**Student:** 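For reference, the structure I am asking about is given below.
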Amino acid sequence: MRSRHFAGSSLVALLVAAAPIMAQGVSTQLGGRVLDNQGAGVAGATVVIRNTETGLTRTLQTSAEGRYLATLLPVGPYTVTVTKAGFQTASNVKVNLNLGDAAPLTIKLAPETGATVEVIAATAQVDTERASAAAIISPDNLTNLPVFNRNFTNLATLAPQVVVDSSRGNLAIAGQRGVNTSINIDGGDNNEPFFGGATGAAEGKTPFTISIEAIREYQVITDGASAEFGRMGGGYVNAITKNGTNDLSGSLFYYQRPRGWVEAGPTLRQPNGTTTTNPVGDFQQEQFGFSVGGPILKDKLFYFVAYDAQRRKDPIHQVWGGSRPVTLDPATYPNDAVLLAKAGDYSAKADSDVYFLRFDWNPTVDHNIQFRINHSKFKGVTGASTMASSENLASDDVTTDAYVLQWNWVISGNWMNEFRVSHTKDDMPRSTYSHLPEVSISNVGYYGAYPFDRTYNTKRTQIQENISYVTPTFQVKAGVDYNDINVSEFFAGNWQGVYQFNSLADFRNGLWSYYRQNFGLNSPVQQAGLFDTSYKQMAAFIQTEWRLTDTFKLGAGIRWDRQENPDYPILNMGDPLANPMPITAKIPSDSQFSPRVSFTWTPAFDQGKTVIRGSVGRYVSTTPAVFFYQAYAANGVRTGSKDFQPGDAATYGIPIGASFNAANPYWISSLPTGVTFTGFNIWTFNPDFKNPYTDRVNIGAERPFFNDLVLGLSATYARGKQLERTADLNLGTPTPNAYGRLMYPSTLTTTTVGGRTTISWTPIRPNANYGTMGMYFSDATSLYHAYTASLKYHKDGSAFDAQLYYTYAINKDSDSNERNYSGISIQDAGLLGNQWGYADTDRRQVLTGYFSFLDKQVTGILASVSVRYQTGTPYTLTYSADVNGDGNTTNDRYFQNGVDTGRNTQRAGSTLTFDLGLRRDIEFTKRIKLTLSADVFNLFNRQDTYLSNRTPSVPNTTTSNVSTVDAQQLALNPQQNWTGSARQIQVGARFAF
């Protein structure tokens, strides 16, 4: 136990038992017992709890057993004073309350006639009350650890069971999909309702939407969340922001990554003899801003303001062919001159400005009101890659606004009320740099217009009302949560046209394989593809906590979640042969109950040192609105995408061969007369579609050793059900070929244009009026189990601090779809069980954490190191061609010796990075100081590489090659890949007062 001594008082204060019941929101609580020197409870003692920052005071009386509990306390430092006639006063006992953390405080009072004794205050090393599995990112962590791009959620990856999904860059917690993670800030829902992920994150492009300077601390909850929290199948990040205090304080900061201190990426020697380089280029990044907070009326009204900005340019080394550069010869091939003219390195900007304002008002001792505004503006680009020309980019301008108002009311000594209303807006317009059709050349690159521009806006209004009844041994909390969500978007991909070439040779000859363009069927495509709708998310919960004995606490709760989806009509595919497909169905709404039980036990035989905690419960996720959009727009009435084949060129006047103009490709300005859309793709929902849920069980134990070293072990089991996946209904009954591959009814199509012959499968669609008849199902499943060992060392006044987690986990599922709303990744949709394999988020072994040391004697430097190690991500060997005749060129797995190689059976390389932070304070006064810093990201410049195998395109020169591909044992194309980033050094200065 940690000890602090206060001389000159006439009592003994011992901090031995916590009561942070249901403290997973934006506030915390303090509880314990007041005892006499014989250990009996002191009834009727007056306990005064005062926040030393704001003067907020709470006064309460102890129960007959000497117990007390104060809830709805803002996070921060407090003093506690206890008085009782006949006893000496315990005054100014100091305790710091963290978000959701234990704050055990039991006061032992000395008799009034007793001798003066030394006051001893000791805090327990382990949280003896919290049932949830949680990691706390403290204010010291946010200040002292190196934080890449100064995004506060970056430190979440130091917590156990947290990885970044490889599909969308979201935080994936406890084995679940990244879109099933929830992020709350000041109690408000900070999740993007359309795409999933954090509001304003723009698929990982924005560095931050709220300044780390404005974040006070946060939790990462992996298991055991109370019924108050929902809409997440995995876990959630729960953050609170800073508030003003009675003292004027603030900061001024500047950070820069000098270009000369940014290392180049590795030079990779490819197996085919080529070399891939990753130069630094014109890299620039600087971040700067300020914060200030203080009183408007002492003890009553406070403000806090912050501004944070980034200016960044990322170099793109553009190479036709990417890691396998191609040789261009404009003298022989005139179209090569176009590629040369459009080639060249460029920089992708990522500029951001974030503004934060918060007011706190304490009109009386029973009322606390908080109001917060956050505005974020990001300007960047999308589409940048080594194989994309600079004109193939599109601007990404992201504007995010968030408003949160919270009112906490202490109705009486036992009744508490919380009311919160929040409103968030997210605008993400995107416009292309070019207005020419995109030209896509397989294994070479892209130029022309980026094919996916958009106009996009979401709004979320959230209202929450919670009421609690609190006694020292029993608490009950109930509440409702209402979200009204509006989504507006135009996202008709490919409306500016796309030419697809299968090879550089075909491009040189102007022989495109298809020309694709999206048209409005009854109006201009921008109007026909406009989506504007609203839907609702609602919840109600009740959570109870019982202190059954001094060593055992039980929690139980139940939550009801409902997602009331838009009621516009969608396709009814009940008759898959209908023509036209009737638009008479609706997107199913969803309601589910989530029971949860938890406990904590501190065995008496170990004198309360060991805490054993466990939980079991169900956690329901939401369905992103992007799926609603696809069912709305791709229904055969509003928009239609047409793939013009080479044989259509003459009919519709599309240049091909020698007449193809590579410098200024032809674009169809309006829907040509005679074009029919037989065979285009349509999408809908399965009538039984439901939101996903996860059943979770967690058991863990922690115990301090040598007073300040805490070791822990935990195990987690999670079964995910009703996970979303896609399937094509418009396929015939498959039959196995000689090697076991299911072949769908199809024909071999032979096309000869300009002397080039192409042979490929063309599906025989049962409903010849449509191509893919896509349906969203909710029948995928997942299974995750993990075992975590933890080590924590913290001692007041110690120069050393550490926290490390090692997790061994196995994560499997039948589909890992993060947000693929229009593609089909499953090889055989009718045999979902054959898809069972390692999940995309499977990381077998993960080691994360940090340690720090303050050299007080010589240099005064605080050195900290963050470590992140994880084994490689799984991937699947697939052909880059349609092998089984289902019309899909991306999901046919490679057969080896006539055996399916399976899903996600290959592994990328493991990664290991150390980030070093150095801090040196120069103090001018006790409260004014300048901190100089240097952060080294990827300290050892470890450039992790791995050899992946790509399956080549199926030979299509003869019918026999296509028909017997599974017997051919095609040689795999190995490729060296680089994962991670090279070493970067950031220097900075922060002036604080």
Side-chain angles (χ1 to χ4, degrees), residues 264-281 314-348 381-393 433-434 436-451 498-514 660 662-663 665 756 758 875 877-881 889-890 908 943 945-956 970-979 982:
T267 298
L268 300 176
R269 179 74 62 180
Q270 295 296 339
N272 67 352
T274 62
T275 299
T276 303
T277 61
N278 296 275
V280 173
D314 283 305
I316 303 297
H317 179 48
Q318 195 273 330
V319 180
W320 295 120
S323 61
R324 297 170 180 249
V326 297
T327 301
L328 300 178
D329 182 5
T332 305
Y333 306 106
N335 283 354
D336 283 11
V338 175
L339 295 180
L340 288 172
K342 295 179 180 295
D345 297 347
Y346 55 89
S347 292
V381 300
T382 193
S385 75
T386 59
M387 294 174 65
S389 69
S390 59
E391 74 172 18
N392 192 236
L393 306 183
Y433 283 14
S434 172
L436 297 175
E438 181 183 70
V439 174
S440 172
I441 311 169
S442 295
N443 301 319
V444 176
Y446 315 87
Y447 69 87
Y450 184 76
V498 173
Y499 286 93
Q500 176 64 46
F501 293 89
N502 287 336
S503 66
L504 178 61
D506 286 350
F507 171 74
R508 287 166 168 169
N509 294 315
L511 300 175
W512 40 267
S513 60
Y514 63 80
F660 174 76
R756 185 201 66 182
T758 300
Y875 68 93
L877 285 177
T878 58
Y879 293 102
S880 55
T889 61
T890 63
Q943 298 180 347
T945 62
Y946 66 97
L947 189 69
S948 68
N949 291 300
R950 299 191 304 171
T951 307
S953 298
V954 180
N956 56 10
L970 302 178
L972 299 177
N973 292 329
Q975 176 178 315
Q976 281 285 352
N977 299 274
W978 173 38
T979 182

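The structure displayed is predicted, hence computed values, not measured ones.
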**Student:** Parallel, tilted or perpendicular for F501 and F660, by the 30°/60° rule?
**Tutor:** perpendicular
**Student:** Identify the two heavy atoms, one from A449 and one from S434, that lie closest to each other, and give their separation to 0.1 Å.
**Tutor:**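 Between these two residues, the closest heavy atoms are CB-O, 3.2 Å.
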**Student:** Using every non-hydrogen atom in the two residues, find where L436 and A663 come nearest and quote the distance to one decimal.
**Tutor:**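 Reported closest heavy-atom pair: CD1-O, 3.8 Å.
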**Student:** Once you round to the nearest 0.5 Å, how far does OH of Y446 lie from CG of N392?
**Tutor:** 8.5 Å
**Student:** Quick one, F507 with V444, criterion side chain to side chain contact (heavy atoms under 4.5 Å, CB included). Give me CA distance, side-chain angles, the key distance, then yes/no.
**Tutor:** CA-CA 10 Å; F507 171 74; V444 176; over 6 Å; no
**Student:** On a heavy-atom basis, which atom in V381 and which in A348 lie closest, and how many Å separate them?
**Tutor:** CG2-CB, 3.4 Å
**Student:** Checking the side chain of Q943 only, and the main-chain atoms of A264 only, is there a donor and an acceptor separated by less than 3.5 Å?
**Tutor:**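 At least one qualifying donor-acceptor pair exists.
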**Student:** Would you call T890 and T878 a side-chain contact if the rule is heavy atoms closer than 4.5 Å?
**Tutor:**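 Side chain of T890 against side chain of T878, heavy atoms only: no contact under 4.5 Å found.
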**Student:** With distance as the sole test, does D336 use its side chain to make a donor-acceptor pair with the main-chain N or O of L328 at under 3.5 Å?
**Tutor:** no
**Student:** Examine distances only and state if a side-chain atom of W320 and a backbone atom of L339 form a donor-acceptor pair shorter than 3.5 Å.
**Tutor:**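 Yes; judged by distance alone, with no hydrogens or angles, the pair exists.
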**Student:** Working to the nearest 0.5 angstrom, can you tell me the gap between Y447 OH and S390 OG?
**Tutor:** 13.5 Å
**Student:** Measuring from N977:CG to Q270:CD, what's the distance to the nearest 0.5 Å?
**Tutor:** 7.0 Å
**Student:** Can you measure from OG (S503) to CD1 (I441) and round to the nearest 0.5 angstrom?
**Tutor:**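 If I round to the nearest 0.5 Å, the distance is 9.0 Å.
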**Student:** Nearest 0.5 Å please: distance from the OH atom of Y514 over to the CG atom of N502.
**Tutor:**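 One finds 8.5 Å between OH of Y514 and CG of N502.
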**Student:** Answer yes if the side chains of S948 and Q975 hold a donor-acceptor pair under 3.5 Å, and no otherwise.
**Tutor:** no
**Student:** List the atom of P330, the atom of L340, and the distance in Å for their closest heavy-atom pair.
**Tutor:**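 What the structure gives for the nearest pair is CG-CD1, 3.6 Å.
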**Student:** If we check side-chain contact (heavy atoms from CB on, under 4.5 Å) with R324, which of these qualifies: V319, N443, N973?
**Tutor:**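 For R324, the side-chain contact (heavy atoms from CB on, under 4.5 Å) check succeeds only for N973.
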**Student:** Tell me the closest heavy-atom pair linking L947 and P974, and the distance in Å.
**Tutor:** CD1-CB, 3.9 Å
**Student:** Under a 4.5 Å cut-off applied to non-hydrogen side-chain atoms, are L504 and Y333 in contact?
**Tutor:** no
**Student:** For the side chain of T386 and the backbone of G322, is there at least one donor-acceptor N/O pair under 3.5 Å apart?
**Tutor:**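 Not at all, since once roles are kept as given, no pair shorter than 3.5 Å links the two residues.
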**Student:** Can you tell me how far apart OG1 (T382) and OH (Y450) are? Round to the nearest 0.5 Å.
**Tutor:**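 It is 4.0 Å, given to the nearest 0.5 Å.
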**Student:** With a 3.5 Å distance limit and no angle check, can you tell me whether Q318 reaches the backbone of D345 through a side-chain donor-acceptor pair?
**Tutor:**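 Answer holds: no.
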**Student:** Restricting to non-hydrogen atoms, name the atom on Y346 and the atom on A388 that form the minimum distance, rounded to 0.1 Å.
**Tutor:** OH-O, 2.8 Å
**Student:** Does a side-chain heavy-atom distance below 4.5 Å link P665 with E438?
**Tutor:** no
